[in-house]
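Lettering of chains follows the sequences in order, A, B, ..., and the numbering in each one begins at 1. Computed from heavy atoms alone, side chains included, the values below leave out hydrogens, waters and symmetry copies.
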Number of protein chains: 2
Amino acid sequence: MIEADIFKALADPTRRKVFEKLAGGSLNASALRDGLEISQPAMSQHLAVLRAAGLVREQRQGRFVNYEVDPDGIASIGTWLARYRAYWPKRIEALADLLKDMDQ
Amino acid sequence: MIEADIFKALADPTRRKVFEKLAGGSLNASALRDGLEISQPAMSQHLAVLRAAGLVREQRQGRFVNYEVDPDGIASIGTWLARYRAYWPKRIEALADLLKDMDQ
DNA sequence: CCGACACATAAGCATACACTTATGTGTCGC
DNA sequence: GCGACACATAAGTGTATGCTTATGTGTCGG
């Protein structure tokens with residue numbers, strides 16, 4: 001069950017902050033620590049959890065490891081959410097429209 | 001931070017099962033226990049967590065309490081997910097289209 | 001009223017998890 | 001090669017969490 005890993009990963013506030021940072025572009029583990037008062041091993045462990053959940057993926061570059069958002073994780077949340085579409089309020093449908101328009 | 005409560009609530013497999021059951025229609029606490037081998041207090045506690053997260057809402061009916069999916073919770077996940085739209089893969093966009101069409 | 005029922009809350013306990021420090025692995029410049 | 005650096009892993013620890021049993025609250029039928 002992938003969903004379990006995804007929701008568990010996102011349940012932690014630090015990991016959500018990391019994920020949000022990565023949404024702005026790929027960063028290496030050290031850069032991700034900026035602003036967050038967290039030890040290096042802690043960040044490494046958080047990144048491992050996010051990666052195991054399929055939310056981020058890594059790309060080794062020399063002695064740096066660049067992390068970026070993994071679209072597959074986003075897709076998993078999207079498909080999960082779609083199962084509850086019957087309960088989507090009108091404003092979410094409207095949001096979907098807006099986003100689609102922006103895509104043009 | 002509402003998101004924290006939402007993701008924490010959905011991180012538990014039992015609570016996700018409960019939520020999925022409710023997606024099929026409103027049920028009372030006892031009915032929700034069917035199939036899940038869980039004690040009555042455990043279910044009560046899970047429902048409290050889901051309610052605190054804004055994922056479900058209750059409606060007292062006599063000595064029964066009917067629970068149903070709360071669209072507000074769904075909306076919260078939707079808006080959170082929208083922030084990462086840049087990483088939505090093509091198939092999610094396609095899914096959004098499909099869902100919108102089904103709505104007609 | 002009073003017993004039965006549906007559910008919530010309290011208290012205690014075992015496990016999961018997020019953190020720490022210490023150490024390991026791999027890459028770079030000199 | 002060797003020290004410095006970027007990151008991962010190991011081991012230990014405090015706290016959060018999900019479970020249990022016991023009890024409380026509120027509603028119904030007789």
Distance in angstrom units between [X] [atom1] and [N] [atom2], rounded:
X	N	atom1	atom2	value
Glu58(A)	dG26(C)	CD	C1'	13 Å
Asn66(A)	dA6(D)	CG	C1'	12 Å
Asp12(A)	dC17(C)	CG	C1'	9 Å
Ile38(A)	dC7(D)	CD1	P	14 Å
Leu10(A)	dA18(C)	CG	C1'	16 Å
Met43(B)	dT9(C)	CE	C1'	17 Å
Arg16(A)	dA18(C)	CZ	P	11 Å
Arg15(B)	dC19(D)	CZ	C1'	12 Å

Keeping [X] on the side-chain end and [Y] on the backbone end, is there a donor-acceptor pair under 3.5 Å?
X	Y	result
Ser44(A)	Gln40(A)	no
Tyr87(B)	Ala23(A)	yes
Arg57(B)	Asp70(B)	no

Donor-acceptor pair present, Gln45(A) side chain and dT20(C) base, under 3.5 Å =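 Checked by distance alone, the answer is yes.
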Any donor-acceptor pair under 3.5 Å between the side chain of Gln40(A) and the base of dA8(D)?
->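 In this structure, the two groups form a donor-acceptor pair.
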When the nearest nucleotide of DNA chain C is assigned to Arg60(A) and to Val49(A) on a heavy-atom basis, which residue is associated with the more 5' position?
->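 So the residue in question is Val49(A).
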5′-ward residue of the pair Leu47(B)/Glu37(A) relative to DNA chain C |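 On the 5' side of the pair lies Leu47(B).
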Heavy atoms of other groups near Lys21(B) NZ, more than 12 under 6.0 Å =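 Yes, the 6.0 Å shell around NZ holds more than 12 heavy atoms from other groups.
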Quick one: which of [options] gets closest to the side chain of [X]?
X	options	value
Tyr67(A)	dC19(D), dC7(D), dT20(C)	dC7(D)
Phe64(A)	dT20(D), dA8(C), dC7(D)	dC7(D)
Arg63(B)	dA6(C), dA22(D), dA18(C)	dA6(C)
His46(B)	dT9(C), dA18(C), dG18(D)	dG18(D)
Ala42(B)	dC19(D), dC7(D), dT17(D)	dC19(D)

Report yes if a side-chain nitrogen or oxygen of Asn28(A) is closer than 4.0 Å to either non-bridging phosphate oxygen (OP1 or OP2) of dC7(D); otherwise report no.
->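 So the side-chain polar atoms of Asn28(A) do come within 4.0 Å of the phosphate oxygens OP1 or OP2 of dC7(D), strictly under.
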OP1 or OP2 of dT20(D) less than 4.0 angstrom from a side-chain nitrogen or oxygen of Ser39(B), does that happen here?
->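 Ser39(B) to dT20(D) OP1/OP2: side-chain N or O found under 4.0 Å.
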Please work out which of the three classes, parallel, tilted or perpendicular, describes the rings of Trp80(A) and Phe7(A), given edges at 30° and 60°.
->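 Ring orientation, 0 to 90° scale: perpendicular.
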